[in-house]
Student: 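Structure below; questions to follow.
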Amino acid sequence: MNNQENQFTKQFWTDRYQTKQTGWDAGTITTPLKEYIDQLRDKKSAILIPGAGNGHEAEYLFNAGFKNVTVIDISPEPIKNIQKRVPKFNPNNLVLGDFFEHTGSYDLIIEQTFFCALNPPLRKKYVNQMHALLKPAGKLVGVLFIEPLAAEHPPFGASKEEYTALLSPQFVIEKLEPCYNSIKPRNGKELFTVLSKKINKG
């Protein structure tokens, strides 16, 4: 990555955790993802949560019987926090590293305040990496913030039209619509999305 892309580094995020500047952390799984997870039936699904933060979604999945869940974060602080809260979580599935260097094959990837944490020049790379990590029938599911939230630092948002243009080359957009069940601080600020991997021919 060039310096512009890598502006928000491991140290940047570690500092945010250590100084408790974690305004994106709702303290628990948020309603849109909870309700989506509650209707999942295959407990063996390989699930990835990139930029997992304190991993409330991973904890909820684990407690619901999903044991093939992997989280990845660039900072060690949230990984430590997950280990403390969920000591039986498979340590091999708690990955300290760069999402863009991660390899694997997943049925489902959950998006929760990861896209908005990335410098905008990384967005196309994000889409390509998500596509590469999903199995042929895999899905990318989660919430995306509507409209720019900040100009020079995370969280970065986008319009529905921008998301559609960015995602549609690599994904079938099954759903991209305003959340009806956002938590109160995010009401009117989120889109819920369900994306299916396109199979590139040729």
Student: If you look at every heavy atom in I110 and P50, which pair is closest and at what distance?
Tutor: O-CD, 3.3 Å
Student: Are the side chain of E57 and the backbone N or O of Q112 linked by a donor-acceptor pair below 3.5 Å?
Tutor: no
Student: If you define the side chain from C-beta out and look only at heavy atoms, does anything of V127 sit under 4.5 Å from R123?
Tutor: no
Student: Check for a donor-acceptor pair, side chain of D107 on one end and backbone N or O of A46 on the other, with a separation under 3.5 Å.
Tutor: yes
Student: Restricting to non-hydrogen atoms, name the atom on L134 and the atom on L140 that form the minimum distance, rounded to 0.1 Å.
Tutor: CD1-N, 4.0 Å
Student: Report yes if the side chains of F100 and Y126 come closer than 4.5 Å at any heavy-atom pair, otherwise no.
Tutor: yes
Student: Return the CD1 to SG distance between I146 and C116, rounded to the nearest 0.5 Å.
Tutor: 12.5 Å
Student: Among residues at least two apart in sequence or on other chains, which ones pass salt bridge (charged side-chain N to carboxylate O under 4.0 Å, His left out) with E174?
Tutor: K139
Student: Taking the six-membered ring of Y106 as reference, does the NZ or CZ atom of K135 fall below 6.0 Å from its centre and within a 45° cone about the axis?
Tutor: no
Student: Kindly write out the residues that satisfy ring-ring contact (aromatic ring centres under 6.0 Å, His included) with Y36, not counting sequence neighbours, or none if the list is empty.
Tutor: none
Student: Going by side chain to side chain contact (heavy atoms under 4.5 Å, CB included), name the residues that satisfy it together with K175, two or more places apart in sequence or in a different chain.
Tutor: E177, F192, V194
Student: Side chain to side chain contact (heavy atoms under 4.5 Å, CB included) for L108 and L48? Distances and angles first, verdict last.
Tutor: CA-CA 6 Å; L108 172 65; L48 175 67; over 6 Å; no
Student: So, using side-chain hydrogen bond (donor to acceptor under 3.5 Å, both in side chains) as the criterion, who are the partners of Q170 when residues are at least two apart?
Tutor: N128, N200
Student: Mind checking what makes ring-ring contact (aromatic ring centres under 6.0 Å, His included) contact with Y60, not counting sequence neighbours?
Tutor: none
Student: Quick check against the 3.5 Å criterion: does H102 have a side-chain atom that pairs as donor or acceptor with the backbone of G97?
Tutor: no
Student: To the nearest 0.5 Å, what is the distance between CZ on F89 and CD on Q83?
Tutor: 10.0 Å
Student: I'd like to check F99 versus D73 (side-chain heavy atoms, cut-off strictly below 4.5 Å). Are they in contact?
Tutor: no
Student: Please name the pair of heavy atoms, one in F114 and one in G51, separated by the smallest distance, quoted to 0.1 Å.
Tutor: CD1-CA, 3.4 Å
Student: So do the side chains of N93 and V69 get within less than 4.5 Å of each other, counting heavy atoms only?
Tutor: no
Student: Under the criterion side chain to side chain contact (heavy atoms under 4.5 Å, CB included), I'd like the reasoning laid out for L133 against I109: C-alpha separation, chi angles, the key distance, then a yes or no.
Tutor: CA-CA 8 Å; L133 289 170; I109 302 179; 3.9 Å; yes
Student: Just by distance, do the side chain of E162 and the backbone of S159 share a donor-acceptor pair under 3.5 Å?
Tutor: yes
Student: Can any side-chain N or O of N90 pair as donor or acceptor with the backbone N or O of N92 at less than 3.5 Å?
Tutor: yes
Student: For a quick test of reading the model, state the closest non-hydrogen atom pair linking C179 to V143 and the distance between them.
Tutor: SG-CG1, 3.8 Å
Student: Identify the heavy atoms of S45 and D42 that sit nearest to each other, and give their distance.
Tutor: OG-O, 3.0 Å
Student: Which is it for F115 and L166 under the side chain to side chain contact (heavy atoms under 4.5 Å, CB included) test, yes or no, and what are the steps along the way?
Tutor: CA-CA 12 Å; F115 179 94; L166 180 70; 3.7 Å; yes
Student: Which residues pass the side chain to side chain contact (heavy atoms under 4.5 Å, CB included) test with I173, not counting sequence neighbours?
Tutor: T164, L167, S168, L176, L195
Student: Can you sort out the partners of Y163 under side-chain hydrogen bond (donor to acceptor under 3.5 Å, both in side chains), two or more places apart, ordered by chain and number?
Tutor: none
Student: Quick one: are I72 and L96 in side-chain contact, heavy atoms under 4.5 Å?
Tutor: no
Student: Just verifying a value: how many Å separate T103 OG1 and Q129 CD, rounded to the nearest 0.5 Å?
Tutor: 8.5 Å
Student: Check whether any side-chain heavy atom of P178 lies under 4.5 Å from a side-chain heavy atom of L191, and answer yes or no.
Tutor: yes
Student: To the nearest 0.5 angstrom, please state how far the CG atom of L118 sits from the OG1 atom of T113.
Tutor: 10.5 Å
Student: Heavy atoms only: give me the nearest M130-E111 pair and the separation to one decimal.
Tutor: CE-OE1, 4.3 Å
Student: Which residues satisfy the salt bridge (charged side-chain N to carboxylate O under 4.0 Å, His left out) test with K67, sequence neighbours excluded?
Tutor: none
Student: Considering residues at least two apart in sequence or located in another chain, which fulfil the side chain to side chain contact (heavy atoms under 4.5 Å, CB included) criterion with K43?
Tutor: F66
Student: Start with the C-alpha distance between I82 and V71, add both sets of side-chain angles, then the distance that settles side chain to side chain contact (heavy atoms under 4.5 Å, CB included), and finish with yes or no.
Tutor: CA-CA 10 Å; I82 297 170; V71 302; 4.0 Å; yes
Student: Pairs in or reaching into residues 78-89: which pass salt bridge (Lys or Arg N to Asp or Glu O under 4.0 Å), with residues at least two apart or in two chains?
Tutor: E59-R85, E77-K80
